[in-house]
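Each remark here refers to the structure printed beneath this line.
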Amino acid sequence: MKVAIGSDHAGFKLKEKLKAFLTQKGFEVLDKGCFSEESCDYPDYGEAVALEVVNNNCDFGCVICGTGIGISIAANKIPGIRAALCTSKEMAQLAKAHNNANIIAIGARINLQDSPEEILEAFINSKFEGGRHERRINKITNIEERYKC
Ligand code: RB5
């Protein structure tokens with residue numbers, strides 16, 4: 001399995017930690033930056049990770065910024081992306097099971113209910129349940145179609 005990972009400067013250290021965590025779990029990790037703690041702009045990295053996911057070059061994505069909010073908003077601008085900001089294992093599990101999220105967003109500077117590694121692992125181990133949730137995902141796709149620029 002291949003994972004695209006990206007962060008801004010606020011998420012850089014956590015990105016490095018999660019990269020090591022994923023590699024140790026046997027994932028191939030594609031690092032889309034940033035590559036230092038020098039100030040940079042989260043939309044650039046949210047977009048870069050999202051493109052790897054929608055183009056099917058990666059199975060899923062992981063994005064990190066200070067809160068996880070800005071980078072998830074940016075990633076969600078790419079049609080086909082469902083980026084979910086998760087602060088707990090429960091949210092991560094449900095983001096996949098109910099929302100079929102293809103990117104997980106984590107905040108590096110906020111209080112999380114579980115460790116970032118536990119949150120990421122819960123996302124990885126969860127499966128989309130389909131059924132009624134499929135219908136809802138299709139409605140999200142329809143919204144994208146209707147508001148296409
Ligand atoms: C950067 O200072 C910070 O604004 C960014 O990492 C993020 O929290 C935005 O949503």
Side-chain angles (χ1 to χ4, degrees), residues 1-25 27-126 128 133 136-137 139-149:
M1 271 226 178
K2 196 168 166 186
V3 188
I5 196 165
S7 75
D8 71 354
H9 56 287
F12 173 72
K13 275 191 181 149
L14 180 55
K15 172 171 70 65
E16 295 305 297
K17 263 181 84 178
L18 293 180
K19 218 165 77 178
F21 176 76
L22 287 165
T23 305
Q24 179 253 320
K25 288 210 153 290
F27 289 92
E28 188 185 339
V29 183
L30 179 59
D31 189 348
K32 301 300 292 183
C34 65
F35 299 106
S36 78
E37 287 187 281
E38 194 181 319
S39 182
C40 60
D41 302 329
Y42 58 79
D44 299 336
Y45 306 97
E47 180 184 13
V49 168
L51 289 178
E52 296 295 339
V53 175
V54 286
N55 291 333
N56 288 319
N57 187 37
C58 289
D59 298 285
F60 69 95
C62 176
V63 293
I64 306 143
C65 68
T67 57
I69 295 173
I71 202 160
S72 59
I73 291 174
N76 275 317
K77 294 295 175 192
I78 311 293
I81 288 299
R82 291 177 300 280
L85 174 56
C86 300
T87 60
S88 68
K89 292 190 288 184
E90 186 184 20
M91 284 179 77
Q93 190 268 318
L94 288 169
K96 181 78 77 58
H98 288 188
N99 313 113
N100 202 13
N102 47 16
I103 293 184
I104 180 167
I106 302 177
R109 291 178 174 171
I110 51 157
N111 292 320
L112 302 170
Q113 282 128 279
D114 301 293
S115 76
E117 290 85 353
E118 286 173 325
I119 292 171
L120 184 53
E121 186 155 44
F123 184 78
I124 291 165
N125 291 338
S126 180
F128 180 50
H133 302 297
R136 294 161 187 167
I137 300 303
K139 287 192 175 188
I140 293 174
T141 308
N142 286 343
I143 294 171
E144 285 176 343
E145 291 296 322
R146 281 188 273 126
Y147 292 90
K148 228 176 213 163
C149 298

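The model shown is predicted, which means the values in this text are computed figures rather than measured ones. One-based numbering, in listed order, for ligands and for the atoms of each.
- Annotation: Gly70 places an N or O atom under 3.5 Å from an N or O atom of ligand 1; distance criterion only.
- If you check which protein heavy atom lies closest to atom 7 (C) of ligand 1, you get Cys65 SG, 3.4 Å.
- Note that CG of Asp41 is 8.5 Å distant from NE2 of His9, once rounded to the nearest 0.5 Å.
- Polar contact check, Thr67 against ligand 1: a nitrogen or oxygen pair lies under 3.5 Å apart.
- Among protein heavy atoms, the minimum distance from atom 9 (C) of ligand 1 is reached at Tyr42 CE2, 3.5 Å.
- Distance check on atom 4 (O) of ligand 1: every protein heavy atom falls at or beyond the 4.0 Å cut-off.
- A heavy-atom distance below 4.5 Å is found between the side chains of Phe12 and Cys34.
- For Lys2 and Glu52, the salt-bridge test fails: no basic side-chain N is under 4.0 Å from an acidic carboxylate O.
- The shortest N or O to N or O distance between Gly68 and ligand 1 is not under 3.5 Å.
- Lys96 forms a cation-pi arrangement with Phe123, by the criterion of a distance under 6.0 Å to the ring centre and an angle within 45° of the ring axis.
- Residue contact check: Asp8 has heavy atoms under 4.0 Å from atoms 1 (C), 5 (C), 6 (O) of ligand 1.
- Using a 4.0 Å cut-off between heavy atoms, Ala10 contacts ligand 1 through its side chain alone, with no backbone atom that close.
- Counting heavy atoms from C-beta outward, Lys32 and Tyr45 have side chains that stay 4.5 Å or more apart.
- Phe60 and Phe27 have perpendicular rings, their planes meeting at more than 60° on a 0 to 90° scale where under 30° would count as parallel.
- Under the 4.0 Å criterion applied to side-chain N and carboxylate O atoms, Lys19 and Glu16 are assigned as salt-bridge partners.
- Atoms of ligand 1 lying under 4.0 Å from at least one heavy atom of Gly66, given by number and element, are 5 (C), 6 (O), 7 (C), 8 (O).
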